[in-house]
Number of protein chains: 4
Amino acid sequence: MTLNNSQARLFSFVERIERLIVERREVSEQITAVKSEAKHAGFDPKVIAQMIKERAMTDDERQEWSALCELYRASLGMLNGTPMSDNARRHVSRESDEGRGEGVDDMFDPSPESAHAISPAEARAQGAEAFKSGKRVTENPFPAGDPSRASWDEGWCAEAGSDGMDIPPEWRRAPKKAEKGEDA
Amino acid sequence: MTLNNSQARLFSFVERIERLIVERREVSEQITAVKSEAKHAGFDPKVIAQMIKERAMTDDERQEWSALCELYRASLGMLNGTPMSDNARRHVSRESDEGRGEGVDDMFDPSPESAHAISPAEARAQGAEAFKSGKRVTENPFPAGDPSRASWDEGWCAEAGSDGMDIPPEWRRAPKKAEKGEDA
Amino acid sequence: MTLNNSQARLFSFVERIERLIVERREVSEQITAVKSEAKHAGFDPKVIAQMIKERAMTDDERQEWSALCELYRASLGMLNGTPMSDNARRHVSRESDEGRGEGVDDMFDPSPESAHAISPAEARAQGAEAFKSGKRVTENPFPAGDPSRASWDEGWCAEAGSDGMDIPPEWRRAPKKAEKGEDA
Amino acid sequence: MTLNNSQARLFSFVERIERLIVERREVSEQITAVKSEAKHAGFDPKVIAQMIKERAMTDDERQEWSALCELYRASLGMLNGTPMSDNARRHVSRESDEGRGEGVDDMFDPSPESAHAISPAEARAQGAEAFKSGKRVTENPFPAGDPSRASWDEGWCAEAGSDGMDIPPEWRRAPKKAEKGEDA
DNA sequence: CGTGACTCTTTAGAGC
DNA sequence: GCTCTAAAGAGTCACG
C-alpha cells in the first residue's frame, strides 16, 4: 500500500535517500581503494583518470576532440615541437579529401629541398606559403620526427586562421549525434 | 578595429579570459584570507558561511526557509527538546490566522492542568489530540522552556501529517517572487 | 596469480574503476529519482536535503550547530522577530548553569513591569542592561510569542559581544569528537 | 582602530566577505560574457577551456602530461589509428637517448620490407618483435600517415608492458618541480 | 524565447 | 603536503 499521509511519506523518502547515500559512499570508497592500489603499483592516478574519461567517449568523439585541440593549439602557437597528428590533419582536410579522393599517401614525398635542416622560421614560412598556394595541411613535406614538421604545421594553421575568412566549420564540433534508442 | 581573422580573434578571447581568471583568483584568495582571519579570531567558519547565505535571502525568504525546516524537523521527530519557533507556528497557521483574525496572543494561557510536569509521551498525545479537535499549533499550552512544549509540537505536527490529507501548501515554499526591476 | 606485467595490470585497474563508476552512477540516478519523486509528491527538495544533512549529525552536533547559528544571528541582528530557542539559551549559558545549578525554570517569571507592551528598542535596552547586571540569557522576562522577546535577546547578545572581552568559548564549536570504534 | 569586541568584529568579517563575493561574481559574469562572445564567434567553448588549462602549464609539464597520456593510451589499445607523437616517443626513450647520444634521426629509414602495405596485426607483431630485439620506440619504420605506424606503436608498447618488468619510471610523472621563488 | 532543471566542472575545505 | 570530498557555480539542454 502506498502511504498517503505526508509524515510517513516524508519519512520514507528521507530514509530511502539516506540508504542510497550510504551505498554510494561505499562504492566511492571502493573506487578510492582501487585508485590507491593502482597508484602504489606505480601508475599515475591522474593519467588513469584521463584514460577513463577518454574511454567513455566513442572513437569518433575522441578523435574529433583531439583534432580540434590540436588545431587550436597550432593556432595559438602551442605545438612546441609536437607536430599535428595525422588525425588532426584528417580533420582539417575533411572536405578537401572528399573532393579529391586522395588520402594521406601523397605526403610521403619528402622533397629533396626540405630534406636538409632548415630553421624553424623558414619551415613556418614554407607552411604559410603552402596554405596560400592551396596546399593541404597533409602535404607537410617534413617527415615525422623532423623538428621542422611542427613549424610547418604552425605556419600553415596560422595562415589558415589569418586570411580574413570567417571561422571555418573545421573549428566547430559536429553539432549533434542522434541519440541512441534508450528505454522509452 | 575588430580583428576578423580567426587566429587573432581566438588569441584575443583566450587572453581576455585568462586575465579575468587571474582577477577572479585574486579575489578568491582575498576571501580565503578573510575567512582564515575570522577563523583565527575564534569564529566558526562554517557558521559564518551559513550567516552569509542567510543574509543573502530577504527576510521573508529566510523566515519561510527556517519555518519549513522546523516543520519538517517536527514531522521527522527531530525537535529533540527544541520546540518550534514562533516563526514556524506562524507559518503553519498562516491561513487559519487570516480566518480567525487573532494572533499569537491566545497562547499565553497555560491551562492549569498542564502546568504541572507531565511525561513527554503524554504531552505528545495532547498535541495530537489538540490537532484533531481543530486547535492550531499556536495554542500549545506549554510555556517556553518547558520540556513538554517540544513534545506537544511534535504530537501536533505528526498528527497533522498523518491524517490522510494530501500535502498541504504549508509544506511548500511560496512558488515565486516577482523579480525586482533591474537594469533593462 | 597476480598479474605482474604493467599493461595487464593497468587494464585491470582501469576496468575495475570503470565498473565501480557505473555502479556509483546507478546509485546516483536512484537518488535523483527518489528526490524527484519526493518533489512531485509536494515536498521541498532543498528542505529534504537539509534534513538529511542534519540527520547525519548526532543530536549533540545538531544542537550545537543550531545554537551557534542563533548566537551568530542574534549578534548580527538577524533574529527578525524569531527569538532565540531554548537550545541556544542553554548553549550560551552552559557554564553559568553548572555554577548555579538551576535550570530554565526561573525564567517563568514575567515581571509585571514587562507584561504590558513596550517598544522593541526598549526591550533591546532591557536585554543589554540585563547582561550588564550579570543576568543570564535564559532570564529573558518576555514569554514565547511576545514580540519583545526577540528584541531582548538581541540586546543581551549584542551587549555580550560588545564588552571588549575576547571571543568566548561559546562562539566556537566543540573541537573534536572522539571517533567511535569502527571496523579495524 | 581595531575593533576588539566580538560582535563588531564578526560584523566586519561578514561584510568584508560579502563585498568580496560581490566582486568575484562580477568578474565571473565578465568571464561568462567573453566565453559567450567567443562561442557566438564560432569557437568551441570546451576546446577554449582546454587551451586555457594547457597554457597554465609550463612546456615541460604539458609535454610530460601528453607523453604519459599517449603511453597509457597505447598500452590500453586506444591509439585508434593515431600513432604516438614524437613527444611521446622521446619521453619513452628518455634514458636510452642519453646512452646512445642519437636523436630521432635514425628513424627515417623505412625498410623496404615495410614499405608496402601490411595488415595492422602484422604491424603490431613487428612492433612487439622490435621491442624484444631491443629496438627503441623511435625506430618505428612506418612513416607518418601510414596506418601501420599506430599499430606498430601499439605492438611495441604492449610488449613493453608485458615483459614482466616492474613498472618503469617512464610511466610516472617527474616527482616534483622545485618551486619557483615567489613573494616571501 | 525565456525559464527551469540537471550535469559537470571547478574550487574550497577537511582529513591523513 | 597531498588527496579526496562536498558544495557552489556555470553551462547546456529541454520544455513551455
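Numbered from 1 within each chain, the chains take letters A, B, ... in sequence-line order. Heavy atoms only: backbone and side chains are in, while hydrogens, waters and symmetry mates are out.
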Between [options], which nucleotide gets closest to the side-chain atoms of [X]?
{"X": "B:Lys35", "options": "F:dA7, E:dG13, F:dA6", "answer": "E:dG13"}
{"X": "C:Lys39", "options": "F:dA7, E:dA12, E:dA5", "answer": "E:dA5"}
{"X": "C:Lys53", "options": "E:dT10, F:dA8, F:dA7", "answer": "F:dA7"}

**Message:** Assuming nearest nucleotide by heavy-atom distance, tell me which of C:Ser36 and D:Ala49 is located more 5' along DNA chain E.
**Reply:** C:Ser36
**Request:** Identify whether the distance between the nearest side-chain nitrogen and carboxylate oxygen of D:Glu64 and D:Arg173 falls below 4.0 Å.
**Result:** no
**Prompt:** Taking NZ, NE, NH1 and NH2 as the nitrogens, is one of them in D:Arg16 or B:Glu37 under 4.0 Å from a carboxylate oxygen of the other?
**Reply:** yes
How long is the line joining [atom1] of [X] and [atom2] of [N], in whole Å?
{"X": "B:Ile31", "N": "F:dA7", "atom1": "CD1", "atom2": "P", "result": "18 Å"}
{"X": "B:Ile48", "N": "F:dA7", "atom1": "CD1", "atom2": "P", "result": "19 Å"}
{"X": "D:Arg25", "N": "F:dA10", "atom1": "CZ", "atom2": "P", "result": "8 Å"}
{"X": "D:Ile21", "N": "F:dG9", "atom1": "CD1", "atom2": "P", "result": "8 Å"}
{"X": "A:Lys46", "N": "E:dT9", "atom1": "NZ", "atom2": "P", "result": "15 Å"}
{"X": "D:Ile52", "N": "F:dG11", "atom1": "CD1", "atom2": "P", "result": "11 Å"}
{"X": "D:Arg24", "N": "E:dT10", "atom1": "CZ", "atom2": "C1'", "result": "11 Å"}
{"X": "B:Ile17", "N": "E:dT9", "atom1": "CD1", "atom2": "P", "result": "17 Å"}

**Request:** Look up atom CD in A:Glu23 and atom OG in C:Ser28, then write down how far apart they are to the nearest 0.5 Å.
**Result:** 10.5 Å
**Prompt:** Contact class for B:Pro45 (heavy atom, under 4.0 Å): base, sugar-phosphate, or nothing?
**Reply:** nothing
**Item:** Taking every non-hydrogen atom, the tightest pair across D:Ser75 and C:Gln7
**Value:** O-NE2, 2.9 Å
**Phosphate-side-chain proximity, D:Ser28 and F:dA10, N/O vs OP1/OP2 below 4.0 Å** = yes
**Request:** Look at the side-chain N and O atoms of A:Thr32 and state whether any lies under 4.0 Å from the OP1 or OP2 oxygen of F:dT5.
**Result:** yes
**Message:** Apply side-chain contact (heavy atoms from CB on, under 4.5 Å) to residues B:Asp44 and C:Trp171 and explain how you reach the verdict.
**Reply:** CA-CA 7 Å; B:Asp44 187 296; C:Trp171 288 68; over 6 Å; no
